[in-house]
Amino acid sequence: MAPLKHLEKENPIIDASFRYFCASHGILTVEDFLLHDLEVLAAFSDRQTNSDRLKEAITVMLSLVERQCHSWLNGMELLEDLQRNKHILSTGDIGTDSLLKGGFREGLVTELVGPSSSGKTQFCMQAAASVAEKHDGRVLYLDTGNSFSARRIAQFGSSSDTSLGQKFMSRISCHTVYDIYTLLETLQGLDVTLRSQVQTNVSEHRLRLLVVDSISSLITPILGGSGSQGRALMVAVGYMLKKLAHEHSIAILVTNHTVGAGGEGGKTKPALGETWKSIPHVRLMLSRDHKNSNCTISILKHTSMPSGQTMRITTHKDNR
């Protein structure tokens, strides 16, 4: 869940005084707040000089959480939502589209896992170009390592017409994100923006793809040690990504690196551990044979397809 400080902008009652009070009881995030005994917290607030304001802030916190909760949907409602609002978007690569029975699914978080120099960034830029050009949709590209290249994305366009190329490139926005807090703030701001667009019936070139390249470079530095804050922040990011994907019918693509599996004959596995493993709906592994520059992509996990299927794809040798 999000750090409490991120709630202050729209809820001034959650100010520094309230956050200091919460921090004194080990509460730093919304998740910490929910795990705490609120009756005990309210009792402690009675001992403070600003007791009424603290209790009001506790009430506001509870109302914010309740607004995030949604009514349960039955299977038929979920199927109708899938058929009506969740479309399939081409990845820009024929082999990958064939493997995924058409491409990315809107409403799902797809994770692309691979070692350094395996082609993850190129795959992301190719997907961005494909969605902007072929599906007439907007793309938001969150770049965490200065690897975004507008020139390379433009090269993925299929049209030789300069004006058409400019049109699809104008639908791709790139924001640089260097830490987990900025990422959370960006995702929360995006949620607010998309909700306001629905209310004002703004539908031209709606956002169809969100790329985070790479998610692991932001999460890895906050993990480790005995503290739980890093893990809570990771869960908060995962929650926001799945929320955006489902509620706004967006296809979300994130990249993750690999780490040694340990004691398994030199094999590797996706980074970020078991907690993150449950977050992406789809997990794809990208690998490269550096002897001949051939790349293969395989399904590690998919909500509607068996794992283990593999397809050879086309990438450029110099891309990550």
Side-chain angles (χ1 to χ4, degrees), residues 1-3 6 89 91-92 104 106-114 116 118-132 135 137-154 156 168-195 197 205-223 230 233-257 270-272 276 279-284 286 319-320:
M1 296 289 179
H6 288 173
L89 308 176
T91 65
F104 302 123
E106 290 181 336
L108 300 186
V109 176
T110 298
E111 179 189 49
L112 182 66
V113 181
S116 177
S118 58
K120 298 188 298 295
T121 293
Q122 178 195 275
F123 185 96
C124 290
M125 292 192 289
Q126 186 172 7
S130 176
V131 171
H135 299 282
R138 289 195 300 113
V139 176
L140 176 58
Y141 197 114
L142 301 183
D143 178 21
T144 71
N146 287 327
S147 56
F148 179 88
S149 170
R151 177 173 295 179
R152 288 160 70 187
I153 287 185
F156 288 119
F168 97 77
M169 285 296 292
S170 69
R171 299 181 197 125
I172 301 174
S173 299
C174 178
H175 293 272
T176 302
V177 179
Y178 289 132
D179 60 73
I180 195 73
Y181 299 102
T182 304
L183 176 62
L184 273 170
E185 185 176 353
T186 301
L187 296 178
Q188 290 163 351
L190 178 61
D191 184 38
V192 172
T193 299
L194 293 175
R195 289 182 184 280
Q197 289 178 351
H205 303 312
R206 73 174 180 86
L207 181 65
R208 306 197 72 174
L209 176 66
L210 168 64
V211 178
V212 185
D213 181 31
S214 80
I215 194 77
S216 53
S217 66
L218 299 183
I219 294 177
T220 300
I222 65 172
L223 298 178
L233 286 169
M234 178 173 67
V235 172
V237 168
Y239 165 79
M240 279 303 303
L241 290 173
K242 296 176 88 165
K243 179 174 183 286
L244 286 167
H246 174 66
E247 295 185 3
H248 302 291
S249 298
I250 302 170
I252 294 182
L253 174 63
V254 302
T255 63
N256 187 6
H257 65 275
L272 304 182
W276 177 262
I279 290 174
H281 302 94
V282 178
R283 251 190 167 175
L284 305 175
L286 186 63
N319 284 327
R320 287 169 286 178

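All values below were derived from every heavy atom in this structure, side-chain atoms included, with hydrogens, water molecules and symmetry-related copies excluded.
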Is the side chain of [X] donor-acceptor paired with the backbone N or O of [Y] at a distance under 3.5 Å, no angle test?
| X | Y | answer |
| --- | --- | --- |
| His175 | Leu142 | no |
| Arg283 | Pro270 | no |
| Ser249 | Gly107 | no |
| Thr182 | Val177 | no |
| Asn256 | Ser216 | no |

Looking only at heavy atoms, what is the nearest atom pair of [X] and [Y], with distance?
| X | Y | result |
| --- | --- | --- |
| Ile250 | Leu210 | CG2-N, 3.8 Å |
| Ser147 | Asp213 | OG-OD2, 3.5 Å |
| Ala132 | Phe168 | CB-O, 3.5 Å |
| Asp143 | Phe148 | OD2-N, 3.2 Å |
| Gly92 | Ser130 | N-OG, 3.5 Å |
| Ile153 | Ala128 | CD1-CB, 4.5 Å |

[X] versus [Y]: any side-chain heavy-atom pair under 4.5 Å?
| X | Y | result |
| --- | --- | --- |
| Glu106 | His248 | no |
| Phe123 | Val211 | no |
| Leu272 | Leu223 | yes |
| Asp191 | Arg195 | yes |
| His257 | Ser214 | no |
| Leu209 | His135 | no |
| Leu89 | Arg208 | yes |
| Leu253 | Leu112 | yes |

If you measure from [atom1] on [X] to [atom2] on [Y], what distance do you get to the nearest 0.5 Å?
| X | Y | atom1 | atom2 | result |
| --- | --- | --- | --- | --- |
| His246 | Leu244 | NE2 | CG | 11.5 Å |
| Tyr141 | Thr176 | OH | OG1 | 11.0 Å |
| Ile252 | Glu111 | CD1 | CD | 12.5 Å |
| Thr220 | Met234 | OG1 | CE | 9.5 Å |
| Ile222 | Ile180 | CD1 | CD1 | 4.5 Å |
| Arg138 | Ser170 | CZ | OG | 10.5 Å |

**Message:** Testing Leu187, Leu183, Leu190 one by one against Met240 for a side chain to side chain contact (heavy atoms under 4.5 Å, CB included), which residue passes?
**Reply:** Leu187

